[in-house]
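Everything on this sheet refers to the single structure shown next.
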Amino acid sequence: MQFMLLFSRQGKLRLQKWYVAHPDKAKKKITRELITTILARKPKMSSFLEWRDLKIVYKRYASLYFCCAIDQEDNELLTLEVIHRYVELLDKYFGSVCELDIIFNFEKAYFMLDELVVGGEVCETSKKNVLKAIAAQDLLQEEEIVELALRDLGLI
Amino acid sequence: MSSIKQVINEAVEKGKEVYDKVRQPNPIRLRDLIRQIRSAKTAAEERSVVNKECAAIRLTFREEDSVWRCRNVAKLLYIHMLGYPAHFGQMECLKLIASPRFTDKRIGYLGAMLLLDERQDVHLLITNSLKNDLKSPTQFVQGLALCTLAAIASPEMARDLADEVERLLKSSNAYIRKKAAICAVRIMSKVPELLEMFLPATRNLLSEKNHGVLITGITLITSMCVQSPDTLDHFKKTVGNLVRILKNLVMAGYSPEHDVQGVSDPFLQVKVLKLLRILGRGDGQASETMNDILAQVATNTEATKNVGNAILYETVLSIMDIQSETGLRVLAVNILGRFLLNVDKNIKYVALHTLLKVVHQDNQAVQRHRTTILECLKDADITIRRRAMELCFALINPSNVRTMMKELISFLETAETEFKAVCSSKCVTAAEQFSPNTRWHIDTLLKVIIAAGNSVPDDVVACTIQLIAESGEAEQQYAVAELWQRLSAAPLDTQPLLQVATWVCGEFANFLSLVGGGVSEGEVVAVYQRILWSSQCSAVTKQYAITSSMKLASRMPGTNSLVAQMVSAYGSHLNVELQQRGVEYTQLFTRYDSMRGPLLERMPPFERSRLRVSQDAAAANAAAAAAAAPLANGLHNNNNNDAVAAVQAPSQSDSNALLDLLGGLDDSANDVPVQVKSAPLPPAGTGSLNSDILDLLGGLGGGGGGDSGGTLISRTVNNGGILDTGLGSASNNLLDDLLNNSSSNLNNSTLANNTINSTNSLPVSTLPSSDEYGSLTIYERNNLRLVMTFQRQDSLTTITLTATNSSTSCNITDFLFQAAVPKSLQLQLLTPSSTSLAPAASLTQFIRVNNPNKAVLRMKLRLSWFADGVKIEDQNEVNNFPPALWQY
């Protein structure tokens, strides 16, 4: 996978993850171009686009579009499954996720993606393991907050 | 004193108050910022909120505030996603990463992945932090570092951190191992020579139970195999392991952890299938090992859901790629057939995409699905239409070409512009390959040109013209009838059609009288006027039209005066090419009217060297640009391959006039000058034609030592020149050079080039063949030999004089040839190709004799030259000219 974009039906970018280096300008151009093209497509069309030398796989979940760019030899049907897996994970984590969850907790959405896909490759196929890792890291953060508060109060 | 103290104290207090007021209290929370931004009603409002916040963030950055750094970077990342610049946060991310707190690191690494990429020069700093964190005792800190490294590693980072990653690849912790494997993939892709160091650790990854490690391990092996053939051999022995892994997945019962809608870990299955494909490709033994499991997966996988189809799709790809059994291949194509009928557009697309790969191996099997594939041409989805189109072209064969082409042309009519160029080129190729007869072929090409409108690439125009030019009279007559109809009615904004139509109607204007009830001369001229005066027609179309109108005038004498009028009006056209044509043709009407007929005779059938339909519309456009550009462009547009091919192709046939030119050169002992009857029309754009011809001429000059007696086109220009680079500066007032006897080496080439360049297809035809007059040696003394050869056009005889220095050492300079003829004849001597002759070299000079009274031709000669600085003068009389020159 070369990059992944999440954007709303209004064309607002909600999340972007790049696994191949591009200058900022190029990223913006690619994003704009893809958002326009995908939003112009009708619901009954296929989920695939041939774009430059890449294949674009996208799927809409409620008001959000999930869009991945994959190489020619990658399996586009499986990419749909990767997207679906990501949505399922977000759903589990937030409890029936909606666009607002992702807007206000965008960093959490990134963390989740980083547990599922590393360097553009799926690195964990068990939902349970992903959620476990996220929960453990969230706990680490919470402990730190408690520790900080206690220190502020002079208790430790 | 105390009062002063009091005042000071008060002032300090006040200052503190002011300071507290000015100093920002705690920065607002991320959540509040997002709310603020979202409540902005206009883009300007949003921008002002963002700018204000950015200013505040910068301020705290500058104050080196570490308490709020994390919150501020998080806000900055949100602002970055909205498209605002956030590069000033890069250093802050690095500081966060260096912090001991996990919360800081988590946001810091996230920011690093978003704000840095491998181009940034802050890498040295991040490399150190990464190195530390890769050694962290906390697995999640290691995880963050690995994840970041896998996303943004640059070659330098890869080199510096490869050791750490290799160490982690052997970690006992699965969570770390899987991420390290992906890091290794990234490192290898950045620095291929680091592949070796990961090999030992990789071997063990296949015996893992943990699916995360398995899938990343297989990913790592796959990229190793792709990168290095040696490694590919090395991993051949893992085929058995992979087959076992796949078998376990397929056969094992329900496992909730990895189940996706009844399929056990599809992600892993697909990875294994892909690696099997790479290992089995071109390896009979490996292929055999995996045959069974592939068959099992292909038959046992549930095809009702997307996830099952994803696996089936990968399986089909593997079956078709390895050396699988025939039965298995049939199974695979059948799966694709089922895919094709699936209502799900995604599955349909995948089927088309894969069939295209399979079609060359098993055309018959794919043919069975032709109807369905043709249906897909009408799909609403452009992605599907594109695949279907390509597949359709692959399916055309002699037996179905008529129906397929019909469908494809109707597709072409409604297709998006981006399809039209490619599709029309492919139609032409297919028609060329499979056409049952010429009539159908012509019909098809015309339909293609009409359907594709202005998107037709230039080579399609050239192909069509070529086809019509080389077909029989009946077909030509048919084409004229068809195209005349178009020409008289077509809108003027479709250039390619107009170009073909004007070329054909001009070239074969004699058939116009046979069209319908016969086309009147007035009608024809009216149509041409419409084109030539229209502002909708491109310059290239007008070039076609103006040359075509000249042809017309010579075929339908009644149109002469009107055409002359049109043409002369072009003498002041703004476009240089058109202006030149206007002036040249006007001269043909006035001073050289006698030459006009022969010059504009019909083109002989073109040499068909090869099919040159480019698949690439862009290339065609480039050629079109070159065609439209004047001469100089063509000169620089030197495609060596084309040129070489062009030189070779004609050399096998004597029908090619330019070859004759070459032949005459090689044959210089023979001293028979050869005549250029026409320039060949290239099947492709003019750009390459120019270079072809130039190369021909170049080869001529270089190879033949510049001695040639060819008469090119208008007989006024000699052809002895070596084509030099000075050509680039060729003048546009060629005609003046041409007709005012001031020819030079330069002009010669210029002429050839220009005349052909002028319109893609300007037929430059024509002198009647004239070897019948033979050659005549008129002088042979003092190491100088003069030979004459003749061409006659009515009363006008053109004599080519070839002077050869027959000595082996003596240099001739200041050669001067003078001649006189009886009073009833008119004589014109043109500038010689040179005035000096090295040993064994030759020069040519053209002499024109007009003999309207058919008087006996005699000539007195006076010669003078310096032989190695010694002046020699001589005289001679020639009375033995061939009588055929005046008795006709």
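Within every chain, numbering begins at 1; the chains are lettered A, B, ... in the order of the sequence lines, protein sequences first and strands thereafter. Because the structure is a prediction, the values reported are computed rather than measured.
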Side-chain donor/acceptor of [X] to backbone N/O of [Y], under 3.5 Å:
X      : Y      : answer
A:D114 : B:L144 : no
A:N75  : B:Y313 : no
A:R85  : B:V260 : no
A:E121 : B:T216 : no

Would you call [X] and [Y] a salt bridge, using N to O less than 4.0 angstrom?
X      : Y      : value
B:D381 : A:R41  : yes
B:K274 : A:E73  : no
B:K179 : A:E115 : yes
A:E81  : B:K305 : no

List the atom of [X], the atom of [Y], and the distance in Å for their closest heavy-atom pair.
X      : Y      : answer
B:R31  : A:F104 : O-CE2, 3.6 Å
B:A380 : A:M45  : O-CE, 3.3 Å
B:Y175 : A:A133 : CE1-CB, 3.8 Å
B:N346 : A:S47  : OD1-N, 2.5 Å
A:E144 : B:P100 : OE2-O, 4.5 Å
A:S46  : B:T383 : OG-CB, 4.0 Å

Point to revise | Top contributor to chain A interface from B:V350, B:V213, B:V185, B:L149 [non-hydrogen pairs under 4.5 Å] | key: B:V350

Study note, to complete from the structure: With chain A, the option among B:K178, B:H211, B:M81, B:H87 that has the most non-hydrogen atom pairs under 4.5 Å is B:M81

How long is the span from the [atom1] atom in [X] to the [atom2] atom in [Y], to the nearest 0.5 Å?
X      : Y      : atom1 : atom2 : value
B:D344 : A:K44  : CG    : NZ    : 13.0 Å
B:I382 : A:F48  : CD1   : CZ    : 16.0 Å
A:K127 : B:D259 : NZ    : CG    : 8.5 Å
A:T125 : B:L268 : OG1   : CG    : 6.5 Å

Contact part of [X] toward chain A, heavy-atom cut-off under 4.5 Å: side chain, backbone, both or neither?
X      : value
B:N309 : both
B:T138 : side chain
B:V270 : side chain
B:K271 : side chain
B:T103 : both
B:Y109 : neither
B:F102 : both
B:I182 : side chain

Practice item. Could you go through the side-chain contact (heavy atoms from CB on, under 4.5 Å) check for B:H353 and A:K55 one step at a time? Key: CA-CA 12 Å; B:H353 188 70; A:K55 291 193 281 200; 4.0 Å; yes

Practice item. Evaluate side-chain contact (heavy atoms from CB on, under 4.5 Å) for B:L30 paired with A:F106, printing each intermediate quantity in order. Key: CA-CA 11 Å; B:L30 169 63; A:F106 70 93; 4.0 Å; yes

Specify which of [options] makes the most heavy-atom pairs with chain B at under 4.5 Å.
options                       : answer
A:E88, A:R14, A:K17           : A:R14
A:L148, A:V122, A:V118, A:D24 : A:V118
A:E143, A:E76, A:K128         : A:E76
A:E50, A:E124, A:E107         : A:E50

Review point. Would you say A:I103 and B:R38 make side-chain contact, with heavy atoms under 4.5 Å?
Key: yes

Review point. So do A:Q16 and B:H80 actually touch side chain to side chain, heavy atoms under 4.5 Å?
Key: yes

More than 12 non-hydrogen atoms from neighbouring residues, nucleotides or ligands closer than 6.0 Å to [atom1] on [X], yes or no?
X      : atom1 : result
A:R151 : CZ    : no
A:R9   : CZ    : no
A:K92  : NZ    : no
A:K59  : NZ    : no

Review point. Could B:R106 and A:F111 be counted as a cation-pi pair, given that NZ or CZ must be under 6.0 Å from the ring centre and within 45° of the axis?
Key: yes

Checking [X] against chain B: side chain, backbone, both or neither under 4.5 Å from a heavy atom?
X      : value
A:K42  : neither
A:V57  : neither
A:L100 : side chain

